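Taking it in order: structure first as structure tokens, then the write-up.
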Amino acid sequence: MTDPLSEYEVPSVPAGTTGVAWLRATVVRFSEGETHRRRRALTEDLLAKLDVTPQGRPVDAIAAALGLPADGVDAIAASYQPHLPITADADAAVERLVALCGTRDEVTAAKIALLVQSCATDAFIEHLRAGRLDPPVPVTRRVTPEGERIEVDLTGAPFGRGRHACPGRELAHRFAPSFRELHDGFLLLPNAWDHASAAALVQAGFPAVGTTSLGVAASFGIPDAEGMTRPETVALACRLRHLPCHVSVDVEMGFSSDPAAVGDLVASLGVAGVNLEDGAEDPVERAEFVRAVKERAPDVFLNARIDTHWLHRDEKSTKDRALRYLDAGADGIFVPGLTGIEAFTNAVPAPVNVLHSGELTLDQLWERGVRRVSTGSLLFRTALKAAVDAALAVRGGAPVPPAFGYAETDALSS
Ligand code: HEM
């Protein structure tokens, strides 16, 4: 399957000596081949050296780090794409920045380009706060080998893909709402089981990923919910915490009967959140685990999972358990299999997390007060089925369902 983002070229731009025309002709964004490789390396080098304090509007913070003013950058951004008309304000703003940089060369163009491209971060943040998954930059453009200019939809690849993929993604993410703030809107949290599945979800635009204990355990041939996957869970957390997203790790019941040890474990993971199960055990004792985690890792979003509901044991105590765990410091409450959702969300003064079941749409869950929906082991089980179906299709000579390309998969590890 052809991937226009990776395989087709960006539209070329004519040479230009001043203003926006010069900028377009001198930046990484509208170049290909050796010129693109050289400018890309220059851009990545500039980004790596940039000491940005992620406060205020991203373009202002990046301009400050570059020692430049951000005035006029919005005007340049509105004229930047080759299909847009160039305004006098945009030309003047480019010339002001060139004069301040002191030279009209590729380094200056790269600095201005960083400012211009970073303007997309405002929309990115707005989408995250609103729980929107449609791409902030909806389309980009490519030229087919036949010379036709086409628009490429960026749904599922909000930061692009291939050699022109956004090099500013990690920087943009530093301005993103915290994991806790994402619960003020509506958070769809897909659950990964290894690095590739998490990286693919991040590539698709999810600002946060969780892990699934079943997926992690089953990947290693270990039974789930038996407290036997501590090394695998810790190793996965260490891999995922470097991704440009928030990570919440399913630590089952904490892999220890000692609350302090569970607290130390959570503090050592370096992730934004954890799920801690109560296993439908004594809520007074389980609250001690919540307390110990919050004492040792106060910044980690602790989602307390109540297991009485889906195990059909002592369902009436679910609300009391929730209030007890919140009192012990929990930040959110997760009730798999929750029924009577609205009454529960009204009674619990914290973000309530449910498992996707397909019975209600995301909009209906939002209307009932749910703030976070996770997919549990669903994606892992879907992937398993897809793999077996593909093998059977090969054996039966049937068409194989669509799959990620080699380069696309390889890029997830970089
Ligand atoms: C710190 C902020 C940002 C900086 C410095 C930045 C920088 C850049 C640069 C220099 C490129 C051109 C790369 C190349 O052509 O090789 C680029 C491409 C791209 N950026 Fe960003 N960017 C930022 C934020 C964003 C945000 C928030 C989004 C949207 C979610 C975004 C979406 C894209 C896309 C889709 C492309 C690829 C366009 C294509 O392939 O045609 N960027 N970015």
Side-chain angles (χ1 to χ4, degrees), residues 3-13 23-66 68 70 73 76-77 80-83 106-130 132-143 149-177 202-207 244-245 408 411:
D3 175 17
L5 282 177
S6 303
E7 295 169 40
Y8 295 171
E9 297 205 336
V10 294
S12 58
V13 290
L23 183 68
R24 286 176 182 166
T26 319
V27 293
V28 60
R29 181 71 182 77
F30 309 115
S31 56
E32 286 293 355
E34 189 44 48
T35 308
H36 176 260
R37 276 190 287 279
R38 185 182 68 245
R39 292 175 180 172
R40 178 85 189 191
L42 179 64
T43 300
E44 287 175 358
D45 192 46
L46 267 177
L47 273 169
K49 289 185 184 139
L50 218 51
D51 186 11
V52 180
T53 307
Q55 272 167 12
R57 202 182 160 208
V59 67
D60 290 331
I62 295 169
L66 285 166
L68 293 169
V73 173
I76 306 175
Y80 190 55
Q81 294 291 334
H83 63 278
E106 283 188 355
V107 179
T108 293
K111 287 180 182 170
I112 302 174
L114 287 186
L115 294 177
V116 172
Q117 301 267 172
S118 73
C119 291
T121 313
D122 293 340
F124 167 63
I125 295 169
E126 210 179 291
H127 280 217
L128 291 184
R129 287 203 190 281
R132 285 173 60 179
L133 278 175
D134 53 318
V137 179
V139 293
T140 187
R141 286 160 188 81
R142 289 292 187 272
V143 182
R149 281 178 182 236
I150 57 164
E151 282 196 346
V152 185
D153 184 348
L154 287 169
T155 304
F159 286 90
R161 205 165 39 227
R163 62 191 173 283
H164 286 276
C166 180
R169 182 174 193 156
E170 286 185 16
L171 180 54
H173 186 73
R174 292 177 56 198
F175 290 89
V202 175
Q203 160 84 8
F206 289 94
C245 70
E408 195 182 346

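Order of listing sets the numbers, starting from 1, for every ligand and every atom in it. What's counted below: heavy atoms across the whole structure, side chains too, no hydrogens, waters or symmetry copies. Because the structure is predicted, anything quoted here is derived from the model rather than measured.
Ring centroid separation for the pair F159 and F124 comes in under the 6.0 Å cut-off.
Of all protein heavy atoms, the one closest to atom 33 (C) of ligand 1 is C166 CB, 3.6 Å. The protein atom (non-hydrogen) at minimum distance from atom 3 (C) of ligand 1 is S118 CA, 3.6 Å.
Not a single heavy atom of P58 sits under 4.0 Å from any atom of ligand 1. Not close to ligand 1: A113, with no non-hydrogen atom less than 4.0 angstrom away. Distances from ligand 1 to the non-hydrogen atoms of R163 include at least one value under 4.0 Å. Taking a 4.0 Å cut-off on heavy atoms, V10 fails to register as neighbouring ligand 1. Ligand 1 has at least one atom lying under 4.0 Å from a heavy atom of I62.
Set against the non-hydrogen atoms of R29, the atoms of ligand 1 under 4.0 Å away are 12 (C), 15 (O), 38 (C), 39 (C), 41 (O).
Evaluated for a salt bridge (Lys or Arg N to Asp or Glu O under 4.0 Å) with R39, the options E44, E32, E106 yield exactly one hit, E106.
At a 4.0 Å heavy-atom cut-off, ligand 1 touches F124 through the side chain alone. Residue contacts with ligand 1, taken as heavy atom pairs separated by less than 4.0 Å, involve T121 via backbone and side-chain atoms alike. Counting heavy atoms closer than 4.0 Å to ligand 1, residue L154 contributes side-chain atoms (C-beta onward) but none from N, CA, C or O. At a heavy-atom distance under 4.0 Å, only side-chain atoms of R142, from C-beta outward, approach ligand 1.
Checked against a 3.5 angstrom limit, the closest N/O atoms of R161 and ligand 1 fall outside it. Not a single N or O atom of T43, backbone or side chain, sits closer than 3.5 Å to an N or O atom of ligand 1. The shortest N/O to N/O separation between H36 and ligand 1 falls below 3.5 Å. Some N or O of H164 is nearer than 3.5 Å to an N or O of ligand 1, by distance alone. Considering backbone and side-chain atoms together, Q117 places an N or O closer than 3.5 Å to an N or O of ligand 1.
Defined by atom type and a distance below 3.5 Å, a donor-acceptor pair is missing between the side-chain atoms of T140 and R161.
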